[in-house]
Amino acid sequence: MAKASITAPSRQQLDSPVYDELGMERNPDNLYLQTIDAVLHAAEVLELPHRVQIILAQPVNEIMVHFPVRMDDGHHALFKGYRVQHNNALGPFKGGLRFHPDVHLDDVKSLSALMTMKCSLVRVPFGGAKGGVKCDPWKLSSGELMRVTRRFVSAIAPMIGPDHDIPAPDMGTNAQVMAWFADTYMNITRGVSGNDALAVVTGKPVEMGGSLGREKATGQGVIDVLAEMLPELNLSIKGGTCSLIGYGNVGSWAGKLWTERGGTVLAVMDHTGAIYNSEGLDTHALDAYVKEAGGVNGFEKTHHGAQKISEEEFYSTQVDVFIPAALEQMITPEKAQLMNCKVVAEAANAPTTPAGERVLMEKGVEILPAILCSAGGVTVSYFEWVQNRSNVYWDAEKVDDELNRHMVLAARRVGLARHRYGVEMRTAAYIAALDQIGKVYALRGIFP
Ligand code: NAD
């Protein structure tokens with residue numbers, strides 16, 4: 001992967017004629033525009049026909065619902081929910097469900113487009129979607145969370161289904177929420193048999209049709225990609241160093257698996273603070289601590305060698321691999337200036353702003369994009385859906401092996417596209433994804 005071969009800019013500057021044609025405002029701060037701009041840039045490099053470019057520039061459906069929920073104190077509150085179905089050329093819409101106070105339509109649209117790209121890149125037969133409810137799940141009681149989930153499912157039930165649109169967990173939702181989701185759908189739908197209805201959502205508890213290995217899948221996928229790609233960059237996990245933003249589901253699994261393979265995690269930051277250990281943090285102990293304490297803050301008081309550091313010190317820590325596994329858009333140009341790493345592995349969705357990416361690229365940092373690094377979750381979600389539909393359940397070893405196979409092949413597709421087109425890794429990943437979508441549109445044609 002010689003850097004000298006990179007000729008194309010990382011992303012275009014909102015200059016596609018498609019925006020005028022579709023009446024889309026060229027707002028560089030809009031996350032959806034940023035996402036689609038990178039997709040359209042890759043589509044142009046690949047010379048995808050105009051008809052495919054305009055189809056991908058906008059989602060198929062943008063569903064917005066409002067629904068009332070009775071709160072514990074007896075009053076009723078009105079909630080706003082979204083389901084954006086971006087594209088289903090490759091199969092049913094697929095994508096997570098986020099419960100968060102900052103959920104907005106444009107963000108959900110952006111995440112839905114990323115899902116289209118992600119599913120295509122790892123070659124699972126799904127399209128892309130994303131959903132969300134504007135709420136603060138950490139402030140809701142368990143009963144309120146259940147009623148919000150059930151009312152949201154009843155509001156969108158006619159627009160989803162095991163053969164049409166299959167949600168999954170994302171930030172603020174978990175296996176319990178997916179269990180309520182499936183139960184509600186099974187109760188209110190007619191004409192879909194029990195077992196098939198179970199496949200309306202993935203990320204369910206194992207006792208209720210969930211797949212072994214789903215919880216760790218995204219973190220494991222990040223490590224599978226790094227194991228495949230680091231040697232080409234003259235790096236390796238064994239003996240390598242990394243830092244992580246976020247120590248939730250994705251971050252903690254990535255951290256634990258990185259150390260299990262002989263690497264060292266030097267620094268971790270989350271919403272409560274940042275910690276550092278020059279000898280390497282005990283990633284399993286940190287996981288147990290975060291689950292108990294709610295964040296990394298204070299870990300230094302319980303573990304010898306660990307110390308509290310500032311946000312600036314965290315970003316400046318010298319590591320081989322920097323893994324953002326928290327929110328979108330955290331790597332701004334200012335943060336990118338501070339960063340001291342050779343590789344960024346995007347475990348979160350869209351963690352790097354276009355301006356931040358330009359700074360990193362000027363510094364010669366290799367960015368392994370989110371549609372590749374964070375695709376492990378949807379891959380095992382696909383395995384869960386297959387198991388639900390077939391009623392044949394896999395052991396953990398089979399899930400791990402199949403996940404590894406999908407991630408390694410996806411990483412190789414990106415490497416091939418990079419060499420063939422002489423582009424950086426993000427554009428290469430979109431090209432590898434769009435190649436499949438373009439071929440399917442060429443075969444299917446446009447109805448009627
Ligand atoms: P999570 O809720 O389990 O963890 C989120 C982490 O982000 C926590 O450690 C939290 O402390 C940290 N965080 C929140 N705000 C922060 C801030 N301001 N500064 C620093 N850290 C902050 O969520 P998750 O499931 O681990 O997801 C993390 C990211 O990965 C999200 O972008 C999500 O969309 C993406 N993702 C998740 C999956 C999955 O299977 N869970 C799959 C693909 C992508």
Side-chain angles (χ1 to χ4, degrees), residues 31 35 94-103 107-108 110-112 114-115 117-119 121-122 124 128-132 136-138 167-175 177-178 201-204 210-211 213-222 225 243-256 267-275 283 286-287 289-291 293-299 309-311 314-315 322-332 335 345-352 369-384 403 407:
L31 186 58
T35 304
K94 183 92 188 82
L97 194 59
R98 178 173 293 192
F99 285 6
H100 197 277
D102 294 335
V103 167
D107 303 341
V108 181
S110 166
L111 294 165
S112 73
L114 285 173
M115 285 305 298
M117 296 295 124
K118 213 182 268 192
C119 292
L121 177 60
V122 284
V124 296
K130 201 80 182 187
D136 190 341
W138 299 276
D170 190 68
M171 254 194 278
T173 56
N174 55 22
V177 172
M178 297 306 114
V201 72
T202 57
K204 299 179 292 289
S211 177
R214 174 63 183 87
E215 197 204 309
K216 65 173 179 168
T218 307
Q220 185 168 343
V222 176
V225 167
S243 58
L244 282 151
I245 315 182
Y247 214 68
N249 174 295
V250 180
S252 65
W253 276 109
K256 286 186 290 185
V268 174
M269 183 179 84
D270 72 2
H271 69 288
T272 66
I275 49 161
T283 50
L286 182 61
D287 184 31
Y289 179 85
V290 169
K291 286 200 169 94
V296 303
N297 189 35
F299 182 71
I309 54 171
S310 69
E311 188 178 348
F314 168 80
Y315 279 101
F322 185 101
I323 307 179
L327 306 176
E328 288 88 27
Q329 306 287 279
M330 292 194 78
I331 304 180
T332 57
K335 299 293 177 348
E346 293 186 335
N349 287 306
T352 314
I371 66 159
L372 172 63
C373 287
S374 73
V378 74
T379 303
V380 177
S381 272
Y382 165 57
F383 301 159
E384 178 175 336
L403 172 60
M407 298 309 294

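Both counts, for ligands and for their atoms, begin at 1 and track the order of listing.
- Between Glu328 and Arg98 there is a salt bridge, since at least one side-chain N of the basic residue sits less than 4.0 Å from a carboxylate O of the acidic one.
- Ser112 pairs by the side chain to side chain donor-acceptor pair (under 3.5 Å) definition with nothing, not counting sequence neighbours.
- Separation of atoms OH (Tyr315) and CD1 (Ile245) is listed at 3.5 Å; rounding is to 0.5 Å.
- Considering only residues two or more places apart in sequence or on other chains, Lys130 meets the salt bridge (Lys or Arg N to Asp or Glu O under 4.0 Å) condition with Asp170.
- Listed by chain and number, Arg98, Lys118, Asp170, Met171, Arg214, Thr218, Ile245, Gly246, Tyr247, Gly248, Asn249, Val250, Asp270, His271, Ala325, Ala326, Leu327, Met330, Ala347, Ala348, Asn349, Ser374 each place a non-hydrogen atom less than 4.0 angstrom from ligand 1.
- Applying the ring pair (Phe, Tyr, Trp, His ring centres under 6.0 Å) rule to Phe314 yields the partners Phe322; only residues at least two apart in sequence or on another chain are considered.
- In this model, a donor atom of one side chain and an acceptor atom of the other lie less than 3.5 Å apart for Ser381 and Arg214.
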